Amino acid sequence: MIVCTSICANYLPKAMVLAKSVKQYNPDAKVVVCIVEREIPLIAMNNFLFDEVVLAKDLGFENFEHFIFRHSIVEASTAVKGQLFRYLLGKYDEELEFIYLDPDIKVYGPLIELREMLQTYPIVLTPHLCDQENTLDAVMDNELSALKHGAYNLGFLSINRSQESKEFIEWWASRLEMFCYNDIPNGIFTDQKWIDLAPCFFNVHIFKHRGYNVAPWNLSKRKITTDEHNNYIVNGKYRLRFFHFSGFDSGANEAMINKYVPDKNDLVYKLRDEYVRDCIGMKQQELGSLRWSYDYFRNGEKILPEARIAFRTIDSIRFKYFHPFDELNNEFLIQSLHKYMKKEGLKSKIRSKIKAILN
C-alpha cells in the first residue's frame, strides 16, 4: 500500500505527523511525499518517516516551470496530484493500493474498511457530507460550501491498480494540467471540483463510513466518543480512521469546531490539542514559516498574483516565454494584462475573472 501526499516546505511538520500516524496503524504502508519546491529541504532528506521524497518537478511534467508559474501556492500543491499518481503507478509496479491523504490529516486506526473496498472498486471517494443538515447555519456553512467547492473532499482519494483507475488518473491529471485554479465563479476549485464529474465517467465508489474524513465541515453530524478499549468511535458505531484538520493555519478549523462543538469538554478538543502538540514536536514553529521557492522570480522578486493571472490568461505571452521565472517580471506582465483588458468586449469579462481569482 502506498500512501502519498503533496506539500510545499511549510507543510513538512504536518506531513511528518501524517506519516507517523499512517505507519503507527498501517505498518505495511510506504509513505511518499511530493514536495513542490525547487530543492528538497534538508529535514526531508533521509527522514525515517518518509519512504520516498520526490520533487514535483521530477514527476514527468513536460515543462514544469511553465506549468507551475500559472498557479498560486494552494493551486500548485493540488495541481500536481494527478501527475503524482501517474508517477506512483509507474514506479511502484507491484503495489495494488494507492491512497492520497492531505498533509493536515492524522490517522487514528488501520484503514481496514477502505482496503476491503479497494478489493472491489477501482476508485474510492469520500463526500464532504454524509448526512443532510437541519439548521440554516449548517446548510449555509456546509451544504452550500460543498456545492461551491465540490461534493467530494480531495484531501482523500484512493485507487487500486486497474485499467479503470488508470483511465481515471489520466483524465484527472490532464484536466489539472490545464485547469487547476481557485476560480469558483467559473466552476473550478483547484483539483476538487473536477471530481464531481468522476462518478459520471468512471466506476467510483462513494465511501460513506463516518469514521473516514471527519472534518470541520461535518462535525455538526459526527459525534466522537470512546469505547471500552479507548478507541475513538464516531456516532456510536464507526471507528475513527482519520481526522482532517483542514483550515488549521487560517483559523477556520477552530472557528468551525467552536461553532458546532460548543462543549469544551468534547473529545474533539482533545484531538485538536494533541494535533497542535504533534505539529510543534515536528518543528512547526520553525518550518511553518518557510517561504515557497516558486513564489519568486529567479532574481528574488516576489511574483504578484496579477502576474500569474496575466501569464495564464494571455496566450501570446504564455506560448512565447517557456522560462517565465527567468524571462519575465511583474511590471511587464501586469502592463500586458491591463492592455489585454482594454480590448473591446473583453474588459468586463476579464475584470470579473481577476476579481474572482484575487478574492
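Note that the structure is a prediction, hence the values are computed from the model and not measured. Only heavy atoms go into these numbers, but all of them, side chains included; no hydrogens, no water, no symmetry mates.
In this structure, F207 and H205 have tilted ring planes: the angle between them lies in the 30° to 60° band. The aromatic rings of W171 and F202 sit tilted relative to each other, their planes meeting at an angle between 30° and 60°. Ring geometry for W292 versus Y294: interplanar angle over 60°, hence perpendicular rather than tilted (30 to 60°). Ring geometry for F168 versus W172: interplanar angle under 30°, hence parallel rather than tilted (30 to 60°).
Counting heavy atoms of neighbouring residues, nucleotides and ligands inside a 6.0 Å radius, atom CG of N46 does not exceed 12 of them.
The residue from Q284, K14, K106 that alone fulfils the side-chain hydrogen bond (donor to acceptor under 3.5 Å, both in side chains) condition with D278 is K106.
No close placement of the F189 and W194 rings is indicated, their centers lying 6.0 Å or farther apart. Taking the ring centroids of Y152 and H128, they lie at or beyond the 6.0 Å cut-off. In this structure, F297 has its ring center under 6.0 Å from that of F69. The aromatic ring centres of F311 and H66 sit less than 6.0 Å apart. A centroid separation of less than 6.0 Å is found between the aromatic rings of F242 and Y212.
Under 3.5 Å, the side chains of N330 and E301 contain a donor-acceptor pair of N or O atoms. Between the side chains of Y340 and Q335, not a single donor N or O lies within less than 3.5 Å of an accepting N or O. In summary, the side chains of Q192 and T78 do not present any donor paired with an acceptor at a separation below 3.5 Å, with no hydrogens or angles considered. Remark: the N230 side chain and the Y232 side chain contain no N/O donor-acceptor pair separated by less than 3.5 Å. Using modelled atom types and a 3.5 Å distance limit, the side chains of E75 and T190 yield no donor-acceptor pair. Under 3.5 Å, the side chains of N258 and K264 contain a donor-acceptor pair of N or O atoms.
Of the possible polar contacts, none joining the K148 side chain to the I184 backbone as a donor-acceptor pair under 3.5 Å is found. Judged by distance alone, with hydrogens and angles left aside, the side-chain atoms of N160 form a donor-acceptor pair with the main-chain N or O of Y121 at under 3.5 Å. In this structure, Y269 contributes its side chain and V261 its backbone to a donor-acceptor pair below 3.5 Å.
In this structure, R161 is not positioned above the aromatic face of F98 in the sense of NZ or CZ being under 6.0 Å from the six-membered ring centre and within 45° of the axis. For the pair R38 and F325, the cation-pi test (distance below 6.0 Å, angle within 45°) is passed. Cation-pi check for R241 over Y108 is not met; the charged atom does not lie both under 6.0 angstrom from the ring centroid and within 45 degrees of its normal.
One finds no salt bridge joining E65 and R70 here, because no Lys/Arg side-chain nitrogen approaches an Asp/Glu carboxylate oxygen to under 4.0 Å. Between K193 and D183, no side-chain nitrogen of the basic residue sits less than 4.0 Å from a carboxylate oxygen of the acidic one, so the salt-bridge criterion is not met. A salt bridge links R210 with D131: the closest approach of a Lys/Arg side-chain nitrogen to an acidic carboxylate oxygen falls below 4.0 angstrom. Salt bridge present: R115 and E97 bring a charged side-chain N and a carboxylate O closer than 4.0 Å.
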Start with the C-alpha gap between D141 and Y260, add the side-chain angles, then the distance that decides, and say whether side chain to side chain donor-acceptor pair (under 3.5 Å) holds.
CA-CA 11 Å; D141 285 341; Y260 289 104; 2.6 Å; yes
Let's go through N265 and K270 carefully: what are the C-alpha distance in whole Å and the side-chain angles of both, what is the deciding distance for side chain to side chain donor-acceptor pair (under 3.5 Å) to 0.1 Å, and is it a yes or a no?
CA-CA 8 Å; N265 294 315; K270 177 184 177 183; over 6 Å; no
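The shortest non-hydrogen separation linking L176 to A79 is CB-O, 3.7 Å. When all heavy atoms of C180 and H71 are compared, the pair lying nearest together is O-CD2, 3.2 Å.
Evaluation of the ring pair (Phe, Tyr, Trp, His ring centres under 6.0 Å) rule for Y11 yields no partner, not counting sequence neighbours.
Hydrophobic clustering places Y238 together with F243 (ILVMFWY residues linked when any side-chain heavy atoms are closer than 4.5 Å, directly or through intermediates).
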